[in-house]
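Below is one structure, written out as structure tokens; comments come after it.
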Amino acid sequence: ERARGGVGSFALRWRVAMASLGPDAIARELEKVGVHVRLAWVESCAAHLLAAEPGFGSMPLRRRVDLCYLQFLHADMNSAGSGCLAPGDADGDPARDGDGRVLGGRRVVQCDEVANVSASFNDRYKDQPACEKRVLKLALTDGPNKMVAYEYRPIDGLAVSMPAGMKLALTKAPVDKNGALRLSPENVAVLGGGVAHLEEARARVVDRWKLPNRPTPGNAGNANAAGAGNRRAELRRAAWGRDAFGGAAA
């Protein structure tokens, strides 16, 4: 009876503590600055901070939100994000406005991969200072959705070597007729962060990219197949140990 009572008492205290943390309130405050995450992630984050930060449960809401935001910078939005990049979110009629559509408001997204598509095939993962000749292609996610973005004008805060999982804030970013975002210094801010397992995968891709690109058996006479399709398959295997991986930026 005492054991059951102890477990029940602990469960009650836990529910009371979690209620006082206000995961719903924290999630709402995060959304106000464009951070859209699943409530389950906020609850898990709050539970972690309750154990790791003395007095977290009694802190003002603003302070709890700030601490959750710092955790968010290193969370993987592929699993934590609740979505803010729905295809129909861009303002404007694509048939009428063409490149004039805009993704309104402030939306925080995650950059999983970056490549310099203006460089030669072998140099796409080499850093180059921001300049008019550089065009970075970014694979972005908000969790449920994937989106491609291009560096439309030089952005000093972006680089091929920036950590995978870096968080970016988009503000009124134009969307072209193909559904890709056009980034410029006025519509993107680099927030920082990164995701450890994504960065480890990125490092494996870069290491593999530096190796000579040799044709595989059966494709020796087909330079395009050997240089493109095989290279991408090798990079996917290097990153994840398998061939299936969506959202490669190269």
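Since we're looking at a predicted model, the values are computed, not measured.
With Asn116 contributing its side chain and Ser118 its backbone, the two residues share a donor-acceptor pair below 3.5 Å. Using a distance-only test at 3.5 Å, with no hydrogens or angles considered, a donor-acceptor pair links the side chain of Gln110 to the main chain of Met77. Distance alone, capped at 3.5 Å, is enough to place a donor-acceptor pair between the Lys167 side chain and the Ala75 backbone. Judged purely by atom type and a 3.5 angstrom limit, Arg62 has no side-chain atom pairing as donor or acceptor with the backbone of Met59.
Inter-residue side-chain proximity for Met147 and Thr141 is flagged as unmet; no heavy-atom pair is nearer than 4.5 Å. A heavy-atom distance below 4.5 Å is found between the side chains of Leu170 and Leu181. Counting heavy atoms from C-beta outward, Val117 and Lys137 have side chains that approach closer than 4.5 Å. Counting heavy atoms from C-beta outward, Arg208 and Tyr125 have side chains that stay 4.5 Å or more apart. Under the 4.5 Å side-chain criterion, counting only non-hydrogen atoms from C-beta, Leu198 is in contact with Asn78. Tyr150 is listed as a side-chain neighbour of Val148, based on a closest heavy-atom distance under 4.5 Å. Side-chain contact between Leu168 and Val108 is absent, with no heavy-atom pair separated by less than 4.5 Å. Side chains of Val37 and Leu30 form a contact here, defined as non-hydrogen atoms less than 4.5 Å apart.
Under the salt bridge (Lys or Arg N to Asp or Glu O under 4.0 Å) test applied with Glu151, the options Arg182, Arg134, Lys133 reduce to a single match, Arg134. Checking each of Arg124, Met162, Arg202 against Val114 for a side-chain contact (heavy atoms from CB on, under 4.5 Å) leaves exactly one that passes, namely Met162.
The two residues Arg64 and Phe56 come nearest to each other via the heavy atoms CD-O, 3.3 Å. Of all heavy-atom pairs spanning Val109 and Cys84, the tightest one is CG1-SG, 4.2 Å. The two atoms that bring Cys68 and Ile26 nearest to each other are SG-CG2, 3.9 Å, heavy atoms only. The nearest pair of heavy atoms linking Asp176 to Arg101 is O-NH2, 3.3 Å. Of all the heavy atoms in Val42 and Pro23, the pair that sits closest is CG1-O, 3.5 Å. Pairing each heavy atom of Pro163 with each of Gly193, the nearest pair is CB-O, 4.0 Å.
Rounding to the nearest 0.5 Å gives a distance of 11.5 Å between CG of Asp112 and CD of Glu199.
Neither Val135 nor Tyr152 shares a network with the other; the hydrophobic side chains, linked directly or stepwise wherever heavy atoms of I, L, V, M, F, W or Y lie under 4.5 Å apart, form separate groups for each. Val190 and Leu136 fall within a single hydrophobic cluster, where Ile, Leu, Val, Met, Phe, Trp and Tyr are joined by side-chain heavy atoms under 4.5 Å apart, directly or via other members. Cluster annotation: Leu73 is connected to Trp41 through the hydrophobic network of ILVMFWY side chains, with a link wherever side-chain heavy atoms come within less than 4.5 Å.
Using a 4.0 Å cut-off between charged nitrogen and carboxylate oxygen, Arg204 and Asp207 do not count as a salt-bridge pair. A salt bridge is absent between Asp24 and Arg28; no separation between the charged side-chain nitrogens and carboxylate oxygens falls under 4.0 Å.
Checked by atom type, the side-chain pair Asn122/Ser120 shows no donor-acceptor distance below 3.5 Å. In this structure, a donor-acceptor pair under 3.5 Å is absent between the side chains of Asp76 and Ser79.
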One pair to check against side chain to side chain donor-acceptor pair (under 3.5 Å): Ser161 and Asp127. What are the steps and the verdict?
CA-CA 6 Å; Ser161 62; Asp127 263 328; 2.4 Å; yes
